[in-house]
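Only a predicted model underlies this, so the values are computations on that prediction, with no experimental measurement involved.
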Amino acid sequence: MRQVVCISHATGAGGSEIGQRVAEQLGYRYIDEDLVVRAAMDGGIDVDTLADEERRKSWLSRALGELARGAPSGVVSASSGELQELIRTAIQETAAEGRTVIVAHAASHALGGREDVLRVFVTASPDTRAARLRRSERLDESAAVRTVKDEDAARASYLRRFHDVGREQPTQYDLVLNTDQLSVDQAAELVSVAATG
C-alpha cells in the first residue's frame, strides 16, 4: 500500500476533487494549500509571498499587490530559491508523516525515487477544461480558453523552475488519467485501487 498519493493536475481537469475523494476513500489526510501555509510558517515567511512564488506571479503583479496593501511588517524577506526550498521541505516532511494525499505543488517530482509514493497526473483536453472553468468560475468562453493557456504555461514554468523539468512526460507518473470521459468518482476509484494494490 502506498503511504503517499501525489496528484498533479492540469487546471480544470478535476484533480482537486479527485484528490479529496481519494483521501476520503483511503482515510488519508488531504493536503493542498495547507502545504503552502506549513512552508511559510516553517520559514517565517508571509503566506501570500510564498503563494505568489508558487503561482508564478510576475514582478509587476507582486509589486502592485504590495503597494496596494502596504508592505507587511515583521515579514522575513527570502529569495526565490529559499522559497522553493521551503516548499520542497514541506512536501518531504508531509510525505514522511504518511497516509497523505498531496494535490499540486509538483509533489510527484519533489518525492521522486520514493517507492511508497503513487504519482498521478490528471488531465483533460483544453476544450473540456475550458468548458468546466466556464461553469465553475462563471467565465465567458474566451476568458476560460485564455485561463487554460495561461495556467498551462504557468505550470510548465513552475516545473522548470522548481524541478528542472524541461518537458512533462506521462512516464514521470505511475498513473495518468484523462477526465474527458472519466467522472471524478471513476477517477478516484482508479487511484484508490492503484494506491492499495
Side-chain angles (χ1 to χ4, degrees), residues 1-11 13-57 75-123 151 154-165 168-177 184 187-197:
M1 181 148 178
R2 307 291 179 98
Q3 289 298 303
V4 180
V5 177
C6 296
I7 299 182
S8 297
H9 62 93
T11 298
S16 295
E17 297 88 346
I18 292 166
Q20 290 169 348
R21 298 270 171 83
V22 170
E24 290 168 10
Q25 290 173 6
L26 298 177
Y28 282 15
R29 292 178 306 143
Y30 173 83
I31 303 292
D32 187 353
E33 293 310 313
D34 295 343
L35 192 63
V36 174
V37 172
R38 178 180 181 161
M41 287 173 46
D42 288 351
I45 304 294
D46 176 57
V47 173
D48 290 337
T49 300
L50 197 56
D52 283 352
E53 177 65 22
E54 276 221 310
R55 285 190 297 264
R56 291 95 35 206
K57 282 192 175 178
V75 173
V76 176
S77 178
S79 71
S80 180
E82 290 168 327
L83 297 175
Q84 291 171 9
E85 187 56 37
L86 283 171
I87 293 168
R88 275 192 220 97
T89 299
I91 290 169
Q92 291 165 352
E93 289 174 355
T94 299
E97 295 168 10
R99 298 182 55 82
T100 303
V101 174
I102 304 173
V103 175
H105 311 292
S108 294
H109 295 282
L111 299 173
R114 287 183 53 151
E115 293 183 14
D116 64 339
V117 175
L118 178 67
R119 294 161 191 83
V120 179
F121 181 58
V122 179
T123 191
E151 290 294 322
R155 177 180 166 72
S157 173
Y158 183 87
L159 289 171
R160 266 193 314 276
R161 290 184 310 119
F162 274 60
H163 302 286
D164 199 27
V165 173
E168 192 171 27
Q169 300 290 328
T171 54
Q172 295 164 338
Y173 300 94
D174 304 311
L175 181 62
V176 177
L177 301 171
V184 168
E189 183 65 26
L190 290 169
V191 175
S192 295
V193 167
T196 58

Audit row: Val5, Leu26, side-chain contact (heavy atoms from CB on, under 4.5 Å) steps and yes/no:
CA-CA 10 Å; Val5 177; Leu26 298 177; 4.2 Å; yes

Taking it one step at a time, do Gln3 and Tyr28 satisfy side-chain contact (heavy atoms from CB on, under 4.5 Å)?
CA-CA 9 Å; Gln3 289 298 303; Tyr28 282 15; 4.2 Å; yes

Please report the C-alpha distance between Val117 and Arg2 in whole Å, then the side-chain angles of each, then the deciding distance to 0.1 Å, and finally whether the side-chain contact (heavy atoms from CB on, under 4.5 Å) criterion is met.
CA-CA 6 Å; Val117 175; Arg2 307 291 179 98; 5.7 Å; no

Show the numbers, then the answer: is there a side-chain contact (heavy atoms from CB on, under 4.5 Å) between Ser157 and Leu159?
CA-CA 5 Å; Ser157 173; Leu159 289 171; over 6 Å; no

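Side-chain atoms of Arg160 never come within 3.5 Å of backbone atoms of Val165 as a donor-acceptor pair (strictly under, hydrogens ignored). His105 contributes a side-chain N or O that, together with a main-chain N or O of Asp32, makes up a donor-acceptor pair within less than 3.5 Å. Judged purely by atom type and a 3.5 angstrom limit, Gln172 uses its side chain to pair as donor or acceptor with the backbone of Gln169. Checked by atom type and distance alone, the side chain of Thr89 never pairs as donor or acceptor with a backbone atom of Ile87 at under 3.5 Å.
In this structure, Arg21 does not pair ionically with Glu189, as no charged nitrogen and carboxylate oxygen lie closer than 4.0 Å. The residues Asp174 and Arg119 are annotated as salt-bridged, a charged nitrogen and a carboxylate oxygen being separated by less than 4.0 angstrom. With respect to the salt-bridge test (charged N to carboxylate O, under 4.0 angstrom), the residues Arg155 and Glu168 qualify.
Side-chain contact check for Val101 versus Ile7: some heavy-atom pair is nearer than 4.5 Å.
Distance check: Leu175 CG to Phe121 CZ gives 11.5 Å after rounding to the nearest 0.5 Å. Rounded to the nearest 0.5 angstrom, Ser192 OG and Glu24 CD are separated by 10.0 Å. Arg88 contributes atom CZ, which lies 11.5 Å from atom CG of Leu111 (distance to the nearest 0.5 angstrom). Of the inter-residue distances, the one linking Gln25 atom CD with Ile18 atom CD1 reads 10.5 Å to the nearest 0.5 angstrom. Rounding to the nearest 0.5 Å gives a distance of 12.0 Å between OG1 of Thr100 and CD1 of Ile91. Note: Ile102 CD1 to Thr94 OG1 = 5.5 Å, rounded to the nearest 0.5 Å.
When all heavy atoms are compared, the tightest approach of Leu118 to Ala195 is CD2-N, 3.7 Å.
With ring centers used as reference points, Tyr173 lies under 6.0 Å from His109.
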